[in-house]
Protein chains: 2
Amino acid sequence: MSHLGYGRLMAVDPEHVLRAAAALLTRKSTATMDEVAKAAGISRATLHRHFAGRDALVRALEALGIAECEAALDAARLDEGTASEAVRRLVGAVEPAAGLLAFLYTENQLFEGEEQNAGWALIDDRISALFRRGQLSGEFRIDLTPAWLTEALYGLMASGAWLVQSGKGAPKDFQHMIVELMLGGALRREES
Amino acid sequence: MSHLGYGRLMAVDPEHVLRAAAALLTRKSTATMDEVAKAAGISRATLHRHFAGRDALVRALEALGIAECEAALDAARLDEGTASEAVRRLVGAVEPAAGLLAFLYTENQLFEGEEQNAGWALIDDRISALFRRGQLSGEFRIDLTPAWLTEALYGLMASGAWLVQSGKGAPKDFQHMIVELMLGGALRREES
DNA sequence: CCCAAATGAGACATGAATGTCTCACTCGGG
DNA sequence: CCCGAGTGAGACATTCATGTCTCATTTGGG
């Protein structure tokens, strides 16, 4: 059995391991370290050499999710154009990481302790600021708090990821269905 | 004697146990049977006498959640009035069970196996039918599928429950913030 | 009063997952 | 060619939740 090395020696790519772990844990959040190792195509021993334990693995996944969120936030350029356009760009940029984020979102183990990763608060702030900007510009309604709009966006993205993963929705509709419901709601409009 | 009388002794109320378990597991989904027992104010032995094991407990919680959902669906009278009004009534009726449902929603253990409870499918159908009715009456937009609207409603209710539980939102706003975002979206409207 | 039902407390075994370790093998570079 | 880093396989001990059991106690009914 040989692994396709990609330049150096046959060292395991931690990134690839995390991707595989995320893909598996998103489907089966109770997967054991052994299952994770098999999913990543490595042995349990090697998995342990890279991540001290299950907790460390989940923490690494959390860090990866935060990093991808921040990358998406940067790529979406939330300060440019209308807030609506920014929301649309954000959802589109987040889509590749939606599965991982949906897993982390349901992993409330991460939020029950005292030491939850401060990265989430920063992300919350940036998204809240976007909604607040939309409210100040008169674009968004003001009877819904930025905190709620942010939380709701998380929920809709998780639901969207779940819908796609279960096969009840097409991946290509991910951005559209989330953005349209988030901004426009379910009611039919006559105007525009 | 020897008949199944239940007013006899200081028998534990299984309903109360389930409520306590739901309240705890919503906050800490990894709570042990011992913690659940303590939260319910009974011993682990008694907890085990009523629910064969952790799996049975979660199944019972699932059955309770399904029952409460169906009760809410009945109480909301989805066939009466406009679809919007029905959605509003539904969210209001579901609110007391929102915490439990949020827990079940994130307990993807329930949906990964082959034998997921058929009760969810029935609930999905009833809610989907409501959105479809709204679309046929011209009340709801038709570019979002009933399946997505249903899933989105779940996600928003879970997010709403989480927001309230974390203290970042008031319980009294639960119905309003969910219904308004679900139906009207975040965009500000000039009309009405 | 006496008994049966139900509970609480705790001991005990079991099983699964985890964490640690050793050893042999395979590359790749010097 | 040889050496070492990195890996796979597996043995091993440990931890912890779980499941089962016993026994004392409480409670309420007959």
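Chain letters run A, B, ... following the sequence lines, proteins first, then strands; residues in each count from 1. Just so it is clear, the values below take in all heavy atoms, side chains as well, and ignore hydrogens, waters and symmetry mates.
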Separation of atom CG in D55(B) from atom P in dG15(C), rounded to whole Å: 18 Å

Euclidean distance, atom NE2 of residue H48(A) to atom P of dA17(C) [Å, nearest integer]: 13 Å

Phosphate-side-chain proximity, S43(A) and dT7(D), N/O vs OP1/OP2 below 4.0 Å: no

For atom CG of L47(B) and atom P of dA9(C), their distance in whole Å: 13 Å

Separation of dA9(C) C1' from R49(B) CZ (nearest whole Å): 10 Å

Sugar-phosphate, base or nothing in reach of R54(B), heavy atoms under 4.0 Å: sugar-phosphate

Contact nearer the 5' end of DNA chain C, comparing T30(A) with A45(A): T30(A)

N or O in side chain of T32(B) less than 4.0 angstrom from dA17(D) OP1/OP2: no

Heavy-atom side-chain contact between R188(A) and I142(B) under 4.5 Å: no

Length of the CZ-C1' vector between R44(B) and dA17(D), whole Å: 8 Å

Spacing between H50(A) atom NE2 and dA5(D) atom P, to the nearest angstrom: 15 Å

Whole angstrom value for the distance that separates C1' of dG8(C) from NZ of K38(B): 11 Å

Protein-nucleotide distance (L57(A), atom CG; dG19(C), atom C1'), rounded to Å: 14 Å

Salt-bridge contact E35(A)-K38(A) (side-chain N to carboxylate O under 4.0 Å): no

